[in-house]
Amino acid sequence: MLDEARRGRVLPVWGDAPLPKDRDRDHRADHYSFGGVFKLVWRAWPFLYRYVEGRWASRALTGPAEAAKDAHPSGYLYMPFLVTALVAWMVLGAATGTSATAVRWSLIGEGLFVAMALCAWATLFTRNQVQAAVAIAGALAGFLATFLFWVTSEGYGPKFTALGTWAAFAAGWFVRFERREGAFVASFRVGSHLLYYYLIDWVRKFVLALLTAIVADLLYKSILVGEPLSPLLAGIVGGAGMADDEAARLTTEQRLSLQWWWIGLALGAFLLERTGALALRYYSTWIQQMINQDLRVALVERWHKLSMRHHAEQRVGDAVYRIYQDSAQVTQVITRLVTAFSMITALVSAVFLLMFFDPFLALLAAGIGIPVLAWARWFSPRLRTRALVARERNSDLTSRIQEIFSGLRVIKAYGREDAEQARFEDESVVAFNAAFKARSLAALTMIVSFVLTGIVLLVGLYFMAVWAAERRPAAAAGLIGLVGLSFTVWNVQSFRWVQDKFFESAVDVRTLSREWTFAQDQAMGLHRVFDILDIEPDVQDKPAAIPMPPFETALAFEKVSFGYEPGRPILSEVSFTARPGTITAIVGPTGSGKSTLMALALRLFDPEGGRITIDGRDIRDLQVESLRDNISIALQENILFGMSIAENIRYVVPDASREQVEAAARVACAHDFIMALPEGYDTVLGDRGGRLSAGQRQRLSIARAVIKDAPILILDEPTAALDAATEHRVLKNLKEWGEGRAIFIVTHRLSTIRQADQILYLSGGKVCEAGSHAELMQMAGGGYRKLVTAESEPALAGAAE
Amino acid sequence: MTDATLKSLAPAAAAGPRQDRAEHIGLKETLWLMARALAYIWPMRGRFVVGLVLASIAVVASVVAPWPLKILTDYVVLRKPVTPAEVAEFPPFLQPFMEMMIGWSPQQVAFATVLLAAGFLLTFGVFGQGAAGRDSTDAQLAEGQDTATRTENEANRGRSYASGIWGFLEYRWELRFSQALNHYYRCQLFERIKALPMTTLEDRRIGDSLYRVMYDTPMISAVCQTLIQQPITTVLTIAALGYVLTFSFGDAPEVVWAALAVAPAAFLLTLPLAGFARRRSTQSRLAGGDTTSAIEEGMSNILAIQSLGGWKRERTRFAAASAESFRRFRGVVLANILVLVASGLAQQLLLSAVFLVVSAQIIAGEMSVGDYMVITIYFASMAGSAILTGRLWVDLQDNAAGLKRVFELMDMPVEQDLGASVLPPIRQGVKMEAVTLVYPDGRKALDAVNFEARVGEIVAIVGPTGAGKTSLAYLIPRFHRPTSGKVTIDGYDLDGVKLESLRSQVTYVFQETHLFGDTIAANIAYAKPHASREEIERVAKVAGAHDFIMALPEGYDTDLGAKGGKLSVGQKQRVAIARGLLRESKILVLDEPTSALDPETERYLVAALEEASKDRAVIIIAHRLSTIVHADRIVFLEDGKVREEGSHAELMARGGAYAEFARLQSR
């Protein structure tokens with residue numbers, strides 16, 4: 001037993017969190033710059049854009065929904081015409097019958113509508129992201145215009161016309177009409193969730209601001225001070241008398257009765273706001289999950305397409321870590337970008353407003369960012385390095401756990417539990433230390449940013465307070481009046497107001513620095529994801545690849561050479577031909593390249609020299625998937641999955657019926673033992689098919705190959721774990737079943753080899769002997785003959801005794 | 001296979017086998033889980049108490065510090081002179097500072113106050129109200145939208161109410177505390193999983209165990225850190241705010257009481273949601289375990305998937321599992337949303353009560369509008385703290401679900417090491433008397449088997465697949481325990497000896513080889529890490545592995561990578577045999593050691609085993625006649641029973657089942 005108390009002490013509270021030298025990184029090796037981080041974000045953009053763009057759904061189409069990209073602009077050609085017509089009608093007809101002040105506002109509204117119409121035309125001549133930007137700008141202009149019309153015009157006619165005009169613009173994005181096969185087809189765009197989300201959020205904030213203003217008005221003006229209500233509020237409350245201009249002040253009873261109105265309204269506003277905000281949160285969770293799901297699946301798919309060369313180096317736990325923790329970083333990219341954008345806007349406007357009071361102060365506010373930028377220059381590479389190391393060490397830990405669990409039998413058998421526990425604990429300590437360094441640095445960056453901005457704030461505060469004490473006039477007193485503020489001299493109100501703006505700019509800068517801090521970690525997560533996605537699979541379909549035609553005449557290896565590593569050839573110039581209806585046995589010493597030969601036929605790797613042909617066609621000209629569909633294999637290592645036996649057998653043919661499953665199991669002589677299990681075919685296997693004996697697993701694996709019904713069948717040591725009697729039965733069944741197919745059997749067993757029509761004797765990566773059993777036995781001093789003698793000697797001896 | 005069929009299949013694939021269906025966690029069990037979790041603080045109590053003190057000071061400091069702005073407004077902007085009467089209205093800790101400034105000009109006051117603020121800023125990171133004037137410290141990095149991806153922040157939990165130097169130190173302290181706690185907890189779980197008996201392990205999915213070790217254990221830090229800390233900091237925050245309130249605006253006890261009442265109100269309103277939240281979290285974790293299994297199986301078996309053309313199937317399986325875990329997490333989000341609405345409602349209702357009282361006073365002319373604003377600000381900050389305490393219970397339900405999954409595994413019966421005595425060096429051999437073995441699912445693997453293997457002989461176990469050969473061999477290192485009957489070594493009942501002393505003397509070479517991602521030399525020397533290179537090479541030669549190892553560019557130092565992927569199955573088998581031989585234990589069990597070997601290597605190995613068996617007992621499970629004939633004794637097993645026993649010649653002469661078996665092979 002390990003010392004339990006030690007566990008509590010290995011992570012000391014004070015002092016350094018040491019990392020082994022070889023598992024650490026130097027920040028000087030970090031090659032990402034400011035731009036590099038954005039490049040990574042840009043790399044993630046296609047995964048996000050999918051939910052801006054959405055897809056087209058139409059009633060007439062039955063096929064899969066096509067990507068929105070494919071839409072031809074003619075589909076929404078109607079929109080600019082419609083919008084222009086409506087805007088023209090609005091502009092010519094709407095300005096009548098409104099009061100003088102309202103006219104000014106509705107003029108602005110009309111201007112906005114004209115801008116929207118221009119945007120509508122612009123969408124015809126732009127593409128992709130630019131088009132999206134133009135469309136968003138138009139939609140915003142339309143929203144504001146509609147709002148202005150809604151507020152200023154009297155009567156519902158103009159109000160609804162405005163709304164309709166805006167809707168017509170939006171329709172261009174959501175609906176298109178096309179002529180297809182002589183008929184007009186309407187399709188609708190669905191799934192632009194990111195767009196919907198921010199639109200709804202924006203409207204929500206707008207409504208909320210209005211609502212808050214109304215409720216605050218009721219509270220501060222009427223209840224607490226006693227001024228009459230605005231007509232709108234009076235209408236809601238139902239006390240028309242309280243809105244009278246003549247009644248200078250409300251009575252105490254009226255104010256007390258309004259208390260309950262306030263409670264009701266505030267509660268209503270709260271519920272509306274909370275449920276609205278939280279429903280949106282649910283929506284955004286869902287969108288982010290979809291984005292993440294796409295990235296996860298892309299990762300898994302890429303791994304499945306990478307050849308075995310890559311997988312020899314890939315740790316399983318690392319895959320788990322990348323799929324979970326690294327890919328998850330994509331979810332926050334959009335929020336980060338939106339926050340950064342709004343912070344920059346807020347900062348600029350705060351600095352702009354401060355300019356009216358004092359240029360020095362504005363300069364100070366604008367300059368808050370400078371020390372933070374200098375600080376960011378120092379911490380960014382360090383933070384990225386620490387974040388990357390933390391991710392790598394946690395990934396190592398995940399891998400270590402997975403590897404220990406999968407080797408647990410051996411560990412137990414060799415009594416190495418304690419040693420493995422110690423290795424695990426060391427790994428855990430390293431992972432925690434790496435995380436500690438990363439997080440501690442992240443916390444420090446934020447604290448220093450706060451202190452730096454805080455010092456600038458205090459300097460500014462000092463001057464403001466002193467100026468206010470001196471009643472100094474503001475810098476641009478004339479301009480301030482224009483903006484609609486009444487302070488022209490520094491006093492308490494202006495001190496408070498300016499202080500608010502000034503502080504706000506500091507908060508903006510800090511939020512930006514905070515976002516940047518997180519973005520470093522996020523970038524490293526994305527870096528680890530795109531590292532994998534950027535690996536091009538070395539076995540790929542050629543552009544002109546065709547599906548494999550039905551197998552007819554021969555599978556041939558023509559001078560095939562191959563090695564996993566340069567300079568270490570496994571196969572050299574191997575040639576042979578196998579025809580349908582024959583059994584080819586591949587024989588030879590361990591490590592002579594038998595299994596590699598079969599892997600090449602499946603295109604798990606591509607040969608370095610020579611070629612493999614099926615019916616005379618190079619298999620590299622065939623689609624990988626159709627090739628593998630036509631070859632069925634039972635592997636030497638009997639890998640089963642944690643599903644039911646039936647599911648395991650129909651693994652690659654998921655739509656196979658129960659009868660087909662049972663038939664395949666019968667061929668593999670597995671039916672009887674399966675039926676003897678309490679749950680029969682529905683017995684769920686543990687990880688790696690535990691619970692079954694090796695021989696049983698082997699037979700399931702053969703059944704899985706049989707059910708695929710492919711014209712080429714490869715059995716890699718199919719009978720190694722079977723007893724002789726079962727082996728005979730299996731082989732007999734396979735021979736019957738295999739009529740008309742080309743069967744390859746890799747084996748050491750004489751009894752199996754004898755069934756073959758052709759025997760290839762492989763040694764040192766070369767086909768040394770080829771022919772039938774009888775032919776090969778004729779070769780005096782041949783490798784095959786030696787093998788047969790070695791194998792049958794004892795048995796013959798036994799029989800003789 | 002069309003996409004449509006793949007889709008129709010997805011739910012079935014996603015359902016997969018789950019060893020532990022979600023069972024509902026009751027209230028009592030939840031309390032018990034929390035109590036058990038809290039017990040983990042004990043070994044780290046010192047650190048915990050220091051952390052508590054650090055946090056308390058940070059809370060009080062960050063509440064009490066924001067005076068500079070008031071001083072600036074009153075004595076600089078409004079040019080009020082600092083007088084002894086004014087000084088008396090300040091809290092005691094500020095009085096020396098204020099006294100110092102009596103009679104100073106506004107400029108001097110401004111300068112001193114800004115310096116004081118800078119001092120606060122540096123030490124506690126606070127000099128005013130609001131986001132600009134105060135900061136708290138944490139480093140909650142970006143996280144994803146399912147339970148697994150949210151655990152990194154949980155395992156590395158830490159926060160301080162302060163910023164500045166104090167905040168940095170406290171943050172590091174809290175972070176280290178939760179890491180230490182997690183490390184401790186995680187290691188303990190890991191140890192327990194390793195100690196599970198072989199039968200349990202063979203049924204466990206690695207992905208699920210991985211999920212529990214990595215993503216369920218971090219739930220402990222929230223329980224230990226917030227369950228005790230949160231109520232304390234809430235009371236401190238409210239007390240400190242009340243104190244400040246008293247100095248600034250006189251007594252306003254209603255506000256303090258109303259704020260305090262938010263805690264029980266939020267608790268009561270969220271209480272009905274606790275069960276809902278717990279269930280959502282349990283389901284989310286379960287789905288996460290399935291997703292992890294899907295990834296793990298898919299990646300571990302990549303060779304099989306590529307060869308079988310199953311990548312589409314695997315992608316669908318993973319996509320379905322992952323979508324399911326996302327869907328389940330949305331359940332957690334929903335629970336969270338309901339909790340936020342309910343607890344917010346509590347605050348809003350009490351705010352209404354405060355409003356009624358205060359606005360009535362304003363209408364009556366006893367208070368000013370400014371007072372109302374200040375009071376609501378104070379109420380909001382107090383209530384914000386109280387609400388966290390009120391929500392504590394429901395917030396911890398997520399943790400309870402994770403803890404349950406951890407403790408559940410910890411409580412599973414581990415391999416019982418009943419043995420008190422140490423098995424002395426083996427001299428005679430292993431003996432089984434009327435051993436019966438029944439699997440948990442009711443299948444009878446062995447039926448009244450008698451078996452013996454003495455030091456100095458080779459015993460072969462032969463028989464059809466599924467006859468119980470491996471089950472029998474598993475009894476020797478006590479991977480299985482017999483349901484009835486007795487297994488003894490040198491007369492010692494295996495149940496009575498220490499496992500460690502038994503397994504160090506019995507070597508088992510498995511049928512399916514597993515190599516570690518280490519060098520070949522390290523793999524061979526696995527059980528004997530300090531073995532010399534000569535020893536390693538000697539056994540490698542015996543196992544027929546030396547030649548191919550030397551042919552590798554890096555020889556014995558070749559790193560086998562993640563899955564030993566660079567070697568062929570036969571080569572791996574030889575490395576595994578060498579590993580077993582190096583140990584030189586008195587009992588050597590080889591489960592089909594020669595199935596993947598070519599005859600030449602096999603013959604060499606068998607000769608070596610014959611040599612080795614002179615001073616040890618060698619037990620071989622084999623189908624190959626060429627291996628079997630060399631055995632001193634052959635045990636023919638069928639349907640869990642011993643059918644025949646004897647040497648090859650004897651059994652051939654008898655002409656029974658074994659003779660038939662041999663005949664079939666040499667035909």
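Letters go in sequence order (proteins before strands), and every chain restarts at 1.
- Residues Leu345(B) and Phe270(A) form a side-chain contact, since some pair of their non-hydrogen atoms from C-beta on lies under 4.5 Å apart.
- Of the inter-residue distances, the one linking Glu425(A) atom CD with Arg186(B) atom CZ reads 11.0 Å to the nearest 0.5 angstrom.
- Considering only heavy-atom pairs separated by less than 4.5 Å from chain A, the leading option among Met198(B), Met44(B), Glu660(B) is Met198(B).
- For the atom pair CZ (Arg7(A)) and CD (Glu191(B)), the distance works out to 4.5 Å, reported to the nearest 0.5 Å.
- Under the 4.5 Å side-chain criterion, counting only non-hydrogen atoms from C-beta, Trp303(A) is not in contact with Ile305(B).
- Leu349(B) is listed as a side-chain neighbour of Leu267(A), based on a closest heavy-atom distance under 4.5 Å.
- Put simply, the side chain of Glu403(A) never gets that close to the backbone of Phe516(B): no donor and acceptor are under 3.5 Å apart.
- Remark: the backbone N or O of Phe641(A) is not paired with any side-chain donor or acceptor of Glu297(B) at under 3.5 angstrom.
- A cation-pi geometry, defined here as NZ or CZ lying under 6.0 Å from the six-membered ring centre and within 45° of its normal, holds between Arg416(A) and Tyr526(B).
- One finds the CG atom of Leu408(A) at 9.5 Å from the NE2 atom of His514(B) (value rounded to the nearest 0.5 Å).
- In this structure, OG on Ser428(A) lies 10.0 Å from CZ on Phe190(B), to the nearest 0.5 angstrom.
- Screening Gln696(A), Arg699(A), Gln698(A) against Thr465(B) for a side chain to side chain donor-acceptor pair (under 3.5 Å) leaves a single residue, Arg699(A).
- Counting only distance, with no hydrogens or angles, the side chain of Arg439(A) and the backbone of Ala139(B) share a donor-acceptor pair below 3.5 Å.
- At least one cation-pi condition fails for Arg409(A) and Phe479(B): the charged atom is not both under 6.0 angstrom from the six-membered ring centre and inside a 45 degree cone around its axis.
- Neither side chain, Glu152(B) nor Tyr324(A), offers a donor N or O lying under 3.5 Å from an acceptor on the other.
- In terms of heavy-atom pairs under 4.5 angstrom with chain A, the leader among Thr470(B), Thr507(B), Leu351(B), Leu340(B) is Leu340(B).
- Between chain A and the options Phe548(B), Tyr171(B), Phe510(B), Tyr508(B), heavy-atom pairs under 4.5 Å are most frequent for Phe510(B).
- A salt bridge is defined here as a Lys NZ or Arg NE, NH1 or NH2 lying under 4.0 Å from an Asp or Glu carboxylate O, and Glu417(A) with Lys194(B) fails to meet this definition.
- Heavy-atom pairs under 4.5 Å with chain A were tallied for Asp135(B), Val114(B), Thr73(B); the largest tally goes to Asp135(B).
- Glu301(A) is not listed as a side-chain neighbour of Phe318(B), based on a closest heavy-atom distance of 4.5 Å or more.
- Within the 3.5 Å criterion, the main-chain N or O of Gln145(B) finds no donor-acceptor partner in the side chain of Gln288(A).
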Problem set entry | Step-by-step side-chain hydrogen bond (donor to acceptor under 3.5 Å, both in side chains) determination, Ser359(B) to Gln259(A) | CA-CA 8 Å; Ser359(B) 65; Gln259(A) 276 192 329; 2.2 Å; yes
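- Counted by atom type alone, Tyr414(A) and Ser504(B) present zero donor-acceptor pairs between their side chains at under 3.5 Å.
- Only the side chain of Val213(B) comes within less than 4.5 Å of a heavy atom of chain A; its backbone N, CA, C and O stay farther away.
- For Ser307(B) and Arg628(A), the side-chain atoms include no donor-acceptor pair closer than 3.5 Å.
- Between the CD atom in Gln325(A) and the CG atom in Leu141(B) there is a gap of 11.0 Å [rounded to 0.5 Å].
- Remark: Arg176(B) qualifies as a cation-pi partner of Phe436(A) under the 6.0 Å distance and 45° angle criteria applied to the six-membered ring.
- Ranked by heavy-atom pairs under 4.5 Å with chain A, the first of Leu210(B), Ile295(B), Ile363(B), Leu122(B) is Ile363(B).
- Of the possible donor and acceptor atoms, one in the side chain of Arg313(B) sits under 3.5 Å from a partner among the backbone N and O of Tyr651(A).
- Heavy-atom distances place both the backbone and the side chain of Arg579(B) under 4.5 Å from chain A.
- The distance from the CZ atom of Phe450(A) to the CZ atom of Phe127(B) is 5.5 Å, given to the nearest 0.5 Å.
- If you measure heavy-atom distances from Pro464(B) to chain A, the contacts under 4.5 Å come from both the backbone and the side chain.
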